[in-house]
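This report refers to the structure that appears directly beneath it.
Computation of the quantities below employed the complete heavy-atom set of this structure, encompassing side-chain atoms and omitting hydrogens, waters and symmetry-equivalent molecules. One-based numbering along the sequence shown.
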Amino acid sequence: CGGAPSSAAVAGGGATGSAAQAHHAASGSAAAGNQTPCASHGAAPTALRVPPPDLSADQLRLVIIGAHLRPNAAPSPEPHTFVVWRLALPNSTLTEGKTDIVRRTAQPAYSTAFVVPFERRRGSTANAFAHRRATLEVYVVPHMGLRRFVSSGPHLLGKADIKLAPLLTQATLAADLQLRGGGGGGDSPGTLSVCLQLAAPINVTPPPPPPQ
């Protein structure tokens with residue numbers, strides 16, 4: 001799904017395209033139901049700094065928690081990294097985004113939430129969740145400051161996928177994903193911790209919103 005972002009594009013980090021509207025999701029209490037807050041995921045390097053939003057029936061919350069990178073996986077033992085995600089859901093206006101750059105650590109805490117809109121009642125939605133997956137890529141930024149404009153730009157350190165199928169029957173899906181090397185071979189560069197959350201499983205009709 002495309003090559004590495006340019007160094008200019010990642011100069012300030014943040015969300016890409018319309019993802020800026022969902023970056024650092026609005027604060028509030030967790031959506032009703034038997035959901036486990038993503039911040040409680042045991043592999044998170046730090047507590048999630050973004051409070052869980054109130055999710056509507058037509059929203060998927062994607063939390064990129066953090067990573068544990070092997071010391072010799074990156075060009076530097078304390079690399080600058082960020083994560084790009086891509087996900088296509090029926091009639092969604094948000095299909096990709098990225099975290100801010102976390103500097104000088106092999107255990108970055110991205111602690112960033114994105115809210116992805118979709119149409120739950122659309123006929124193809126259940127099929128999409130049954131067969132699609134989110135793709136996540138960890139990039140290394142070789143230089144910061146003015147040197148980034150003369151460097152070769154960020155390069156892919158590792159990537160991973162997470163299947164959406166469990167969300168057909170459960171509202172929260174947390175996982176430690178084993179990263180595949182950017183070159184497609186060799187040892188894994190580390191793990192990436194993520195969490196996906198719905199107001200209710202796709203196969204469950206959520207209750208109507210309370211009257212205003």
For residues Pro201 and Ala171, report the shortest heavy-atom separation together with the two atoms involved. CG-N, 3.8 Å
Is any side-chain heavy atom of Thr169 less than 4.5 Å from a side-chain heavy atom of Ile202? no
Decide yes or no for Leu69 and Thr81: does some side-chain heavy atom of the first lie under 4.5 Å from some side-chain heavy atom of the second? yes
Mind checking the CG-CG spacing from Leu164 to Leu173? Nearest 0.5 Å is all I need. 8.0 Å
Give a yes-or-no answer on whether the side chains of Asp176 and Thr191 include a donor-acceptor pair shorter than 3.5 Å. no
Is the backbone of Ser188 close enough, under 3.5 Å, to the side chain of Arg70 for a donor and an acceptor to pair up by distance? yes
Going by heavy atoms in the side chains, are Tyr110 and Val102 under 4.5 Å from each other? yes
Side-chain contact test, heavy atoms from C-beta onward, threshold under 4.5 Å: evaluate it for Gln197 versus Val63 and give yes or no. no
Rounded distance [0.5 Å steps], OG1 in Thr99 versus CZ in Phe114: 6.5 Å
I want to check something: taking the side chain as every heavy atom from C-beta on, are Leu89 and Phe129 in contact at a cut-off of under 4.5 Å? yes
Which pairs with one or both residues in residues 122-132 pass salt bridge (charged side-chain N to carboxylate O under 4.0 Å, His left out), sequence neighbours excluded? Glu119-Arg122
For residues His80 and Arg104, report the shortest heavy-atom separation together with the two atoms involved. ND1-N, 3.3 Å
Could you state the interatomic distance from CD (Gln59) to CG (Leu94), rounded to the nearest 0.5 Å? 10.5 Å
Is the shortest heavy-atom distance from the side chain of Tyr139 to the side chain of Leu157 under 4.5 Å? no
Could you go through Thr135 and Asp161, starting from their C-alpha distance and side-chain angles, then the distance that decides it, and tell me whether this counts as side-chain hydrogen bond (donor to acceptor under 3.5 Å, both in side chains)? CA-CA 5 Å; Thr135 299; Asp161 303 301; 3.0 Å; yes
Decide yes or no for Leu136 and Val84: does some side-chain heavy atom of the first lie under 4.5 Å from some side-chain heavy atom of the second? no
Specify the closest pair of heavy atoms between Ala160 and Gln178, including all atoms of both residues, with the distance to one decimal. CB-O, 3.8 Å
Minimum heavy-atom separation for Pro117 and Thr93, please, with both atom names. CG-OG1, 3.5 Å
Distance-minimising heavy-atom pair for Trp85 and Lys98: NE1-N, 4.1 Å
Test item: Gln170 side-chain N/O and Leu167 main-chain N/O as donor-acceptor pair under 3.5 Å: no
Interatomic distance, Leu60 atom CG to Arg120 atom CZ [nearest 0.5 angstrom]: 9.5 Å
Taking only Lys NZ, Arg NE, NH1 and NH2, and the carboxylate oxygens of Asp or Glu, determine whether Arg86 and Glu137 approach each other closer than 4.0 Å. yes
Which atoms form the tightest heavy-atom contact between Leu55 and Ala199, and what is the distance? O-CB, 3.7 Å
What's the spacing between Thr105 OG1 and Arg103 CZ if we round to 0.5 Å? 13.5 Å
